[in-house]
**Q** 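Okay, handing you the structure first.
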Amino acid sequence: MNNDLTIIIAHYLSSDNQIQNPLIKTLEEIYKQQNQFNIEVIIADDGSDYSKGIIENHSKIVDIQGDPRNVYVLEKNKLIKFLDINNFGNDIIKKWVYLPKTIKCMSKARITNYAVKEANSNKILFLDDDNYFISKNSIYNLIDLFKIYDIVIGQIKDNNGKIRKFTSNRVQGTTIGIKKNVFENVGGLGEWTEEFSCGVDSDFWIKLYNYYIKNNIKACYTNKISTYDSCSKRWGKFTTLFRNYKIKKEFFKRYKCNNYKNKKYNLSRNK
């Protein structure tokens, strides 16, 4: 564990996306704030179209047990070449892990879990590719807070320009700092959510809450780490028919939770 912090960025960009790659802005803001720290960034790429060349020119390949797909990893010289071709102008990305979208679903949980295995730090920050820092000294503040806390939840400004209050009953899947051993003990992100292409954040928060109340760990909310949600819902097109009914049944099966979207039944939303 040599790095002061590992930042794992969940990424997906399809060929029909008309916006500039939001990952570029997110990386630029990280680069501005890395200061004296030893930071690594790992891209958890859930099948971006422009990344398909990784399949033919990868550094290593990892079989997924019980799954026809493989995870492809870029690092070192092959990573440098890929970043240069795609005009990523800084050197903070240390690994790029890629899961081809041969199955039409959101696999954010699966590829992020693998990225965590590759992390070379016990301190991890999760960002989505469209969530860039708007708070000053975010990295410094996070590393400082990790001296006290095992889980650090930052604040998000929605793309409507409003700061999301910590009293909101919404869960979030980005701007979350967590120690790697806690993430692993919680069970990581729920790969079962691939079937529905949603529910990843809710599943993770339920597991975080259950782990928190049973173990002697510390967690906090803070506006010292804030990001702006510049672009969202790109994964939404993979959601399934009758999703809400089916996923509610699955949350009840797994957690005895009658309505995972309601704070009355899902205490992890009652922040």
**Q** Shortest non-hydrogen contact from F37 to I139?
**A** CD1-CG2, 4.0 Å
**Q** Tell me, with the steps shown, if Y31 and I39 meet side-chain contact (heavy atoms from CB on, under 4.5 Å).
**A** CA-CA 9 Å; Y31 188 75; I39 305 297; over 6 Å; no
**Q** Measure across F146 and K179 and return the closest heavy-atom pair with its distance rounded to 0.1 Å.
**A** O-NZ, 3.3 Å
**Q** Nearest 0.5 angstrom please: I225 CD1 to L125 CG, how far?
**A**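 These two atoms lie 7.0 Å from each other.
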**Q** Does F133 have K25 sitting over its ring (NZ/CZ under 6.0 Å from centre, angle to axis within 45°)?
**A**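 No, K25 does not sit over the ring of F133.
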**Q** Could you list the residues that satisfy salt bridge (charged side-chain N to carboxylate O under 4.0 Å, His left out) with K94, not counting sequence neighbours?
**A**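 Residues passing salt bridge (charged side-chain N to carboxylate O under 4.0 Å, His left out) with K94: none at all.
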**Q** Between D158 and R164, does at least one N-O distance fall below 4.0 Å, as a salt bridge requires?
**A**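 Yes.
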**Q** Search all heavy atoms of K95 against all heavy atoms of L79 and return the closest pair with its distance.
**A**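 Minimum heavy-atom separation between K95 and L79: N-CD2, 3.7 Å.
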**Q** Pick from Y72, F82, Y98: which one makes a ring-ring contact (aromatic ring centres under 6.0 Å, His included) with H58?
**A** Y72
**Q** Less than 3.5 Å apart, any donor N or O on the side chain of D203 or W192 sitting next to an acceptor on the other?
**A** yes
**Q** With rounding to the nearest 0.5 angstrom, report the CD1 to CD1 distance, I93 to I42.
**A** 11.0 Å
**Q** Within this structure, what is the CG-OG1 distance for the pair D128 and T175, rounded to the nearest 0.5 Å?
**A** 7.5 Å
**Q** What is the distance from atom CD1 of I8 to atom CG of L127, rounded to the nearest 0.5 Å?
**A** 10.0 Å
**Q** If you count the non-hydrogen atoms of other residues, nucleotides and ligands that lie under 6.0 Å from NZ in K157, is the total more than 12?
**A** no
**Q** Evaluate the side-chain hydrogen bond (donor to acceptor under 3.5 Å, both in side chains) criterion for residues S168 and R269: first the C-alpha distance (whole Å), next the side-chain angles of each, then the deciding distance (0.1 Å), finally the verdict.
**A** CA-CA 8 Å; S168 163; R269 285 180 176 263; over 6 Å; no
**Q** Is the shortest heavy-atom distance from the side chain of I9 to the side chain of T26 under 4.5 Å?
**A** yes
**Q** Fit a plane to each ring of Y255 and F251, take the angle between them on a 0 to 90° scale, and name the class: parallel (under 30°), tilted (30 to 60°) or perpendicular (over 60°).
**A**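 Answer is tilted, since the angle falls between 30° and 60°.
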**Q** Would you check, one step at a time, whether the test side-chain hydrogen bond (donor to acceptor under 3.5 Å, both in side chains) holds for T6 with E40?
**A** CA-CA 5 Å; T6 297; E40 69 170 353; 2.5 Å; yes
**Q** Rounded to the nearest 0.5 Å, how far apart are CD of Q33 and CD1 of I7?
**A**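 Result: 9.0 Å between the selected atoms.
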**Q** Charged N to carboxylate O under 4.0 angstrom, R69 versus E194?
**A** yes
**Q** Taking all heavy atoms of A109 and all of T193, pick out the closest pair and write down the distance.
**A**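 Closest heavy-atom pair between A109 and T193: CB-OG1, 4.1 Å.
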**Q** Are the ring centres of Y260 and F252 closer than 6.0 Å?
**A**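 Here the rings of F252 and Y260 have centres that are no less than 6.0 Å from each other.
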**Q** Do other residues, nucleotides or ligands put more than 12 heavy atoms under 6.0 Å from the CZ atom of F166?
**A**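 Yes - once you tally the heavy atoms of other residues, nucleotides and ligands closer than 6.0 Å, there are more than 12.
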**Q** Just distance, no hydrogens or angles: give the donor-acceptor pairs under 3.5 Å from side chains in residues 208-217, sequence neighbours left out.
**A**
unit_1	atom_1	unit_2	atom_2	d
N210	ND2	I206	O	3.3
Y211	OH	N185	ND2	3.2
N215	ND2	Y211	O	2.8

**Q** For the aromatic rings, using the six-membered ring if either is Trp, is the centroid distance between Y50 and H11 under 6.0 Å?
**A**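 Centroid separation for Y50 and H11: below 6.0 Å.
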**Q** Can a donor-acceptor pair be found between the side chains of N38 and N3 at a distance below 3.5 Å?
**A**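 Yes, N3 and N38 have a side-chain donor paired with an acceptor closer than 3.5 Å.
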**Q** For N181 and N122, what are the C-alpha separation, side-chain angles and deciding distance, and is it a side-chain hydrogen bond (donor to acceptor under 3.5 Å, both in side chains)?
**A** CA-CA 7 Å; N181 63 300; N122 193 44; 3.2 Å; yes
**Q** Say whether T227 and N131, considering side chains only, have a donor N or O and an acceptor N or O under 3.5 Å apart.
**A** yes
**Q** Above 12 or not: heavy atoms from other molecules or residues under 6.0 Å from NZ of K136?
**A** no
**Q** For C105 and S197, which heavy atoms make the closest approach, and how far apart are they?
**A** CA-OG, 3.4 Å
**Q** Work out which heavy atom in K224 is nearest to a heavy atom in N141; give both atom names and the distance.
**A** O-ND2, 3.2 Å
**Q** One thing to verify: whether D46 and K108 come together as a salt bridge, which I'm taking to mean a side-chain N less than 4.0 angstrom from a carboxylate O.
**A**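 D46 and K108: not salt-bridged.
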**Q** Which is it for D45 and S48 under the side-chain hydrogen bond (donor to acceptor under 3.5 Å, both in side chains) test, yes or no, and what are the steps along the way?
**A** CA-CA 6 Å; D45 190 340; S48 297; 2.8 Å; yes
**Q** Please walk me through it: do I124 and F183 pass side-chain contact (heavy atoms from CB on, under 4.5 Å)?
**A** CA-CA 9 Å; I124 294 175; F183 181 85; 5.6 Å; no
**Q** For Q36, does the CD atom have more than 12 heavy-atom neighbours from other residues, nucleotides or ligands under 6.0 Å away?
**A**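 Enclosed.
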**Q** Check this for me: N77, atom CG, are more than 12 non-hydrogen atoms of other residues, nucleotides or ligands nearer than 6.0 Å?
**A**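 Not more than 12 within 6.0 Å, no.
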**Q** With the threshold set at 4.0 Å, does a side-chain nitrogen-carboxylate oxygen contact exist between E250 and K246?
**A**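 Judged by the 4.0 Å cut-off on N to carboxylate O distance, E250 and K246 do not form a salt bridge.
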**Q** When rounded to the nearest 0.5 angstrom, what is the spacing between CG in L189 and CD1 in I111?
**A** 11.5 Å
